[in-house]
Amino acid sequence: MQEQKATLLAAASAASAATSDMIEAARGDHISAFDGVGSGETITSLADALRLLLDAASGETEEETQLQGAVVRFLDSQS
């Protein structure tokens, strides 16, 4: 359970960082190529949060497995 808790906290942290980036971009009334949203860092943070959440999820349906594979492929393409 400790490992699952740590994974969920990491997912929440990544999602929170992405949320902050989106709020900052909305407040600034624009998206710049130099901010998190415009540079793609926010999308990568959200994808990483989703990957971590799927890792921690107890159920593994076919749809979840397909989604996790797509997210992992996306994240691999970003490195």
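Bear in mind that the values here come from a model prediction, so they are computed numbers and not experimental data. Residues take their numbers from the sequence shown, with the count starting at 1.
Across all non-hydrogen atoms, the minimal contact from S45 to A18 is CB-CB, 4.0 Å. Nearest heavy-atom pair across A47 and V71 is O-CG1, 3.2 Å. Across every non-hydrogen atom of D35 and H30, the tightest pair is OD2-O, 4.1 Å. For I43 against F74, the heavy-atom pair with the smallest separation is CG2-CZ, 3.6 Å. Closest non-hydrogen pair, A15 versus A49, comes out as N-CB, 3.7 Å.
Around CD of E24, the count of heavy atoms belonging to other residues, nucleotides or ligands within 6.0 Å does not exceed 12.
Here the straight-line distance linking atom CG of L9 with atom CD of Q4 works out to 11.0 Å at 0.5 Å rounding. Within the model, atoms CG of D21 and OG of S16 stand 9.5 Å from one another, a figure rounded to the nearest 0.5 Å.
The side chain to side chain donor-acceptor pair (under 3.5 Å) analysis of residues 66-76, with sequence neighbours excluded, yields the pairs D55-Q68, E62-Q66.
Between the T7 side chain and the L52 main chain, no donor and acceptor come within less than 3.5 Å of each other.
Apart from L53 itself, the hydrophobic cluster it occupies contains L8, where clustering links Ile, Leu, Val, Met, Phe, Trp and Tyr at side-chain heavy-atom distances under 4.5 Å. Side-chain contacts under 4.5 Å among hydrophobic residues (ILVMFWY), followed directly or transitively, place L46 together with M22, I31, V37.
Between T19 and I23 there is a side-chain heavy-atom pair separated by less than 4.5 Å.
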